[in-house]
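Quick notes on the structure that follows.
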Amino acid sequence: MALKLRVDDKLIVRAREAAHRITGEVQGFIEQHTTTSTERAVVRLFGVEGKGLDDVPLPNLVVENIQDGGGLDKGASYWVCNAMARHSLSAQEVAQAVGHGKLDLIKVAQADEGRIRETAHLIAQETLDRITRNRQTRSGFINQWGERPAPWLYIIVATGNIYEDVIQAQNAARQGADVIAVIRSTAQSLLDYVPEGATTEGFAGTYATQENFRIMRRALDEVSEELGRYIRLTNYASGLCMPEIAALGAVERLDMMLSDSMYGILFRDINMKRTLVDQHFARMIQAQAGIIINTGEDNYLTTDDAYEAANTVLASQFINEQFAHRSGMTDELIGLGHAFEMDPRQEDGLLYEMADALLSRHCFPKAPLKYMPPTRHMTGNIFMGHIMDAMFNLTSVATNQHIHLIGVMTEAIHTPFLHDRALAIENARYVFGYARHFFEEFDLKKGGLIEKRANDVLQQSVDLLEHIEHVGLMTAIAEGTFGRVRRQPTGGKGLDGVVAKGPQHFNPFFDLILKGGAH
Amino acid sequence: MEPNWVKPYGDTTNDGAMQLSFTLPVKNGGVAREAAKRLCESMNLENVQIVHQKDLGGGYTFFVVYGRCTQAVDISDIHVPEVQAPSWDMHQVNTIAHEKLGRKITVVGACTGTDAHTVGLDAILNMKGFHGNYGLERYSEFTVHNLGSQVPNETLVAKAIEVNADAILVSQVVTQKNIHLSNLTQLVDLLEAEGLRDSIILIAGGPRITHELAVELGYDAGFGPGTVPSEVASYLLKELLGRKGIMI
């Protein structure tokens, strides 16, 4: 680590313990409930793909059939595997029969429950084996080619057309990208289904579909081979279909996913119960697949002030970390987010940015932190914007950030042109290389402004976390604690997809993962 | 009026100095360089200098170019409509509103459609404001409903009806394929369908918005980059008073 921060480490322990209790308080609710999207993820993990009547995706038709029949409290596995056992069909064949109105899962005579569970465990194990093989393939590539030093350059493509995205992604890799993120079509996070097939029309992004994941994975494997280094693929999981998209990411070997425990609640107005239940299963699957999650705390600083609200970012990072641990994630997979968003007119802004970035680094030493570039104060003055991005790059390398989303000078104007991106990469590579070991030569001034700022933010984060613990997470969200956005426990989209689990509910992936049977 | 011809200025009057940067889908090399030069000449630049060219991979080349513009523009002939508003500060707006209007002014604001960039809207509405100029939330005589980003036009109109808004503020920042224009016109259509267009002051803002464009799209006023909250507040107050027949 470059610069070493001294803060009161007892406060870090207090923050982490408060976050542990905050998440523990809702974990009971989470584990007693399932959701339509969680059950659809299970159906997808059974290998179901394709569309049925009216072009509705088969996983939706299967889960709707069960929900309409009042059987979702037992879980989709129960009904699908019952039909598989009874009719000697594959999961895909069952789904197709349901999807074309030829089979009603609720009406199939019930097999012995032991046999249903056995069937489910067999096919779940097959999928988990596939996910494990993906993990091995990834580590094989990385062992063969090695890793580049952090910060990794994370670059966005967002043409709306998967085939154009492929061209841009391969070009970005050749220009120096380490991670390619395919931006989703606007508002896909609010669709309560995952579209099917390769797509060529999206707005400000490309739909996340299983086929698009496959196409981009293939393209990045191709360019990885060409360049002799592994190019990571990222997509977005947060949204109404969080667990389903996580499942597809696991199966199609995505390497990172945007997966936040609260982002959907705050910034997409998805119901908080829905998101909290959804994120639990999504992250369990991501943990199995070795997918690095990216959390979205940076967003708080687009609606709140970066100098004043730094404690909300840190507090949320502790909460996201604890939720991720509860899904079995190790620290190495928890890419906590934050951002360089202070007002460029603020005197000593660089000092405060450095302090805040160091503080996150210090509190989460093993986490591959995701650092986001300036957006809020970017303007049409691209020349000034390029300098702000350089300051961001400097802060990132000085404070040893891990996943570095490239700042592009045309941020406030349009999705990047080819040369916008090339100039942005040139900027980052220049600053990273030029300043690589510079900060190792320095000790931070004891009791100086950076330490003082870090200690203040840490203390405020502890105060905030202890307040959240006192009122409860759901009330805290309703109070507008994060990003000054207020959400009510019964408000937002998707609450009708939250279902209490019955005594017979089972999800074979839960069972196998919790038993460690996936390895 | 006397014509007043102007040309771009570098370091000498009328030198016409301009800089451009662009990418050509041509492999880096002599052909790419000559293509960039000829392209600029066909744009009426002379003394074209390709000061930088860089291979972007995949058969694309990036250029930075300087040239001298051969064209001039007569600015005596240009008339740009601008928002006509007094330059009151927050205190003056509050005092005048309190004394002359005698009630609070209700505004509803949103970034509509797919736009997730609330920076412009927040600069005008949030307490903190912009450039040391407090936002409308801090005005004692304003009631502000900031709906945030990605708000459907239908939701915005429903909210305006619910709170009996005096004004709607729409912000559009990032665009692709000019979607911001259809978002803006759809809102006008909706208000007209509800019979509300004439009773609500409709304002658009954003880096690509000019007053002229806003009026053309059916808005009462448009505010571009650099607008501070007090300008919007002064305009709103003057307009509301004017509609009551109070000139000031």
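For the numbers below, each heavy atom of this structure counts, side chains included, while hydrogens, waters and symmetry mates do not. Every chain is numbered from 1, with letters handed out A, B, ... down the list of sequences. Source: prediction; values computed, not measured.
Taking a 6.0 Å sphere around OH of A/Tyr434, one finds it holds 12 or fewer heavy atoms contributed by other residues, nucleotides or ligands. The number of heavy-atom neighbours closer than 6.0 Å to CZ of B/Arg38, taken from other residues, nucleotides and ligands shown, is 12 or below. Around CD of B/Glu82, the count of heavy atoms belonging to other residues, nucleotides or ligands within 6.0 Å does not exceed 12. Atom CE of A/Met388 sits in a crowded spot, with more than 12 heavy atoms from other residues, nucleotides or ligands closer than 6.0 Å. Under a cut-off of 6.0 angstrom, the local environment of NZ in B/Lys27 is sparse, with at most 12 non-hydrogen atoms contributed by other residues, nucleotides or ligands.
For the atom pair A/Ile382 CD1 and B/Ser21 OG, the distance stands at 6.0 Å (nearest 0.5 Å).
In this structure, chain B has a heavy atom under 4.5 Å from the side chain of A/Leu423, while its backbone stays farther away. Neither the backbone nor the side chain of A/Gln170 comes within contact range of chain B; no heavy atom of the residue lies under 4.5 Å from a heavy atom of that chain. Interface remark: A/Asp305 contributes side-chain atoms only to the contact with chain B (heavy atom separation under 4.5 Å). Residue contact with chain B, scored on non-hydrogen atoms closer than 4.5 Å, is absent for A/Gln168.
A heavy-atom distance below 4.5 Å is found between the side chains of B/Arg208 and A/Ile413.
Listed options A/Arg376, A/Arg421, A/Arg174 were ranked by heavy-atom pairs under 4.5 angstrom with chain B; first place goes to A/Arg376.
When every heavy atom of B/Gln19 is checked against every heavy atom of A/Phe383, the shortest pair comes out as NE2-CZ, 3.4 Å.
By a heavy-atom distance cut of under 4.5 Å, B/Lys54, B/Leu56, B/Gly57, B/Gly58, B/Tyr60, B/Phe62 are the residues of residues 48-69 of chain B near chain A, going up by number.
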